[in-house]
Amino acid sequence: MPDVLRPRALAPGDLVAVAAPAGPLEADAAPLLERGVATLTAMGFRVRRTPLTEPGRRRWWAADGPDAQAEEFNRLLRDPEVRAVVAHTGGQATAGWLDRVDVDAVRADPKPVLGCSDVSLLLLALHARTGLAGLHGDMATYGLGGSWHDAPAPTATTLAGLYRRALTDPAAPLGPLPELRTPGGGRECWRPGLASGPLLGGLLGRLVALQATPYALPAERFDGAVLFWEEVERPLSAVWQDLHLLRMSGVLDRIAAMVVGVPHLVTTAGCADDAPAPSLREVVLDVLGDRPLPVLGGLELGHAGPNLPLPLGVRATVDATARTLSLDEPAVAPR
């Protein structure tokens with residue numbers, strides 16, 4: 001099992017590549033991507049968009065076929081000028097090329113890889129195979145160019161500062177992550193308690209799917225971990241089922257705490273019309289049973305609004321009673 005591999009810190013003026021490891025650029029989203037590039041530039045980085053982020057690049061539901069997507073990503077991993085890779089959006093395509101990633105290039109020159117949603121599958125697989133502390137966070141198009149601009153100006157300023165520190169400061173951890181007041185959210189203590197451990201997580205369905213592949217996280221990776229997850233456009237029954245699969249695989253007996261993001265378009269489809277539908281909190285606690293895990297709900301994580309930056313494998317502390325999450329170690333290593 002590889003140790004945690006922190007990517008090398010960025011410096012002002014370093015080159016950040018905006019890539020398409022999952023879905024294509026939709027025509028109506030082009031202005032959002034331009035705003036996302038401008039946001040990264042304002043943070044002090046040079047930015048280069050890859051060819052697969054150009055409008056019109058599409059194969060079915062992806063920016064291109066698996067071979068082309070893997071080739072572009074591997075080229076960025078091998079390019080010494082590129083110091084970070086930011087996904088422009090998620091989608092349904094990352095699983096098609098996980099077996100083509102040049103993991104030796106990751107080990108030789110670890111650099112931050114940023115994304116969420118479908119891209120969390122890539123982050124988890126890289127962490128499983130190399131220990132890379134990929135950054136689960138907002139992507140360029142709908143995050144940096146979308147929800148950041150829709151948020152109040154102070155929130156956008158806070159986010160830019162957080163991400164800049166996460167990418168450039170190898171000396172100091174981010175500490176307590178600020179509450180962003182995600183629309184429809186608000187942090188809640190679902191089960192009180194305090195616990196510390198390495199961060200692991202992503203989109204719940206992708207995490208569960210990965211565990212059925214050769215790129216699964218080893219069971220030991222979950223020992224004492226702070227498991228974070230979110231879900232989008234699925235019924236509560238599917239969430240309940242995935243959590244039970246984690247229970248039966250032993251994951252829920254290994255972790256130290258759970259952090260749940262703000263659900264987005266998670267429905268009660270399948271529930272009886274003449275009976276009250278459960279809440280997400282009720283579903284989570286039903287699966288956990290009497291396990292004495294702190295559970296923090298409603299963290300600013302997922303598709304419902306801006307995401308806090310969460311580096312995989314980096315030690316964090318959850319105080320569910322106080323409704324806080326703190327990063328106890330830097331996300332990056334010295335250059």
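Taking CG from D138 and CG from L308, the interatomic distance works out to 9.0 Å, rounded to the nearest 0.5 Å. From L180, atom CG reaches atom OG of S147 across 10.0 Å, with rounding to the nearest 0.5 Å. In this structure, CD in E34 is found 11.0 Å from OG1 in T39, a value given to the nearest 0.5 Å. Here the CD atom belonging to Q211 is positioned 11.0 Å from the CG atom belonging to L245, to the nearest 0.5 angstrom. Taken to the nearest 0.5 Å, the CZ atom of R75 stands 12.5 Å off from the CG atom of D102. Within the model, atoms OG of S326 and CZ of R315 stand 12.0 Å from one another, a figure rounded to the nearest 0.5 Å.
Salt-bridge annotation for E179 and R323: absent, with no side-chain N of the basic residue lying under 4.0 Å from a carboxylate O of the acidic one. A salt bridge links R83 with D109; the closest basic N to acidic carboxylate O contact falls under 4.0 Å. R335 has a carboxylate O that lies under 4.0 Å from a charged side-chain N of D14, or vice versa, which qualifies the two as a salt bridge.
Of all heavy-atom pairs spanning L288 and M258, the tightest one is CD2-CE, 4.1 Å. In this structure, V119 and A87 approach most closely via the heavy-atom pair CG2-CB, 3.8 Å. Shortest non-hydrogen contact noted between L121 and R206 is CD1-O, 3.5 Å. A316 and D328 make their closest contact through C-OD2, 3.3 Å (heavy atoms, listed as atom of the first residue, atom of the second, distance). Residues V4 and A133 approach most closely at CG1-CB, 4.2 Å, considering heavy atoms. In terms of heavy-atom proximity, L10 sits nearest to P112 at CD1-CG, 3.7 Å.
In this structure the side chain of F73 never reaches within 4.5 angstrom of the side chain of T50, judged on heavy atoms. R6 places none of its side-chain heavy atoms less than 4.5 Å from the side chain of P110. Taking 4.5 Å as the limit, some side-chain heavy atom of H136 sits within range of a side-chain heavy atom of F228. Under the 4.5 Å side-chain criterion, counting only non-hydrogen atoms from C-beta, R221 is in contact with P218. Within the 4.5 Å cutoff, side-chain heavy atoms of L203 are placed close to those of E231. Here the side chains of L174 and P309 are in contact, with some heavy-atom distance below 4.5 Å. In this structure, E233 and H303 have side chains that are not in contact, with every pair of non-hydrogen atoms separated by 4.5 Å or more. Side-chain contact between N74 and L77 is present, with at least one heavy-atom pair separated by less than 4.5 Å.
Looking at T141, its side chain does come within 3.5 Å of a backbone N or O of H88 through a donor-acceptor pair. A distance-only check finds a donor-acceptor pair linking the side chain of R165 to the backbone of P173 [under 3.5 Å]. In this structure, D3 contributes its side chain and G131 its backbone to no donor-acceptor pair below 3.5 Å. Counting only distance, with no hydrogens or angles, the side chain of Q92 and the backbone of G23 share no donor-acceptor pair below 3.5 Å. A donor-acceptor pair under 3.5 Å links the side-chain atoms of T321 to the main chain of G193, judged by distance alone. Between the R59 side chain and the G65 main chain, no donor and acceptor come within less than 3.5 Å of each other. Panel note: side chain R46, backbone G13; a donor-acceptor pair is recorded below 3.5 Å. A donor-acceptor pair under 3.5 Å is formed between the side chain of N307 and the backbone N or O of G302.
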Report the C-alpha separation of L123 and V113 in whole Å, then their side-chain angles, then the decisive distance to 0.1 Å, and conclude whether the side-chain contact (heavy atoms from CB on, under 4.5 Å) test is met. CA-CA 7 Å; L123 300 183; V113 179; 3.8 Å; yes

Using the side-chain contact (heavy atoms from CB on, under 4.5 Å) rule, take H127 and L200 through it: C-alpha gap first, then chi angles, then the decisive distance, then the call. CA-CA 9 Å; H127 187 65; L200 275 181; 3.5 Å; yes

Is there a side-chain contact (heavy atoms from CB on, under 4.5 Å) between E72 and D64 once you walk through the steps? CA-CA 10 Å; E72 178 169 280; D64 209 322; over 6 Å; no

Could you walk me through whether W229 and V208 satisfy the side-chain contact (heavy atoms from CB on, under 4.5 Å) test, starting with their C-alpha distance in whole Å, then the side-chain angles of each, then the deciding distance to 0.1 Å, before giving a yes or no? CA-CA 11 Å; W229 59 271; V208 171; over 6 Å; no

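Linking Ile, Leu, Val, Met, Phe, Trp and Tyr whenever their side-chain heavy atoms come within less than 4.5 Å puts L246 and I255 in one cluster. Note on F45 and V332: separate hydrophobic clusters, where clusters join Ile, Leu, Val, Met, Phe, Trp and Tyr whose side-chain heavy atoms are under 4.5 Å apart, directly or indirectly. There is no path of hydrophobic side-chain contacts, each under 4.5 Å, that joins V314 to L167. There is no path of hydrophobic side-chain contacts, each under 4.5 Å, that joins L280 to V232. Each of L52 and L33 belongs to its own hydrophobic cluster when Ile, Leu, Val, Met, Phe, Trp and Tyr are linked at side-chain heavy-atom distances under 4.5 angstrom.
Counted within 6.0 Å of CZ on R35, heavy atoms from surrounding residues, nucleotides or ligands total more than 12; the atom is thus considered enclosed.
Classification of the Y163-W148 ring pair by plane angle, with boundaries at 30° and 60°, yields perpendicular.
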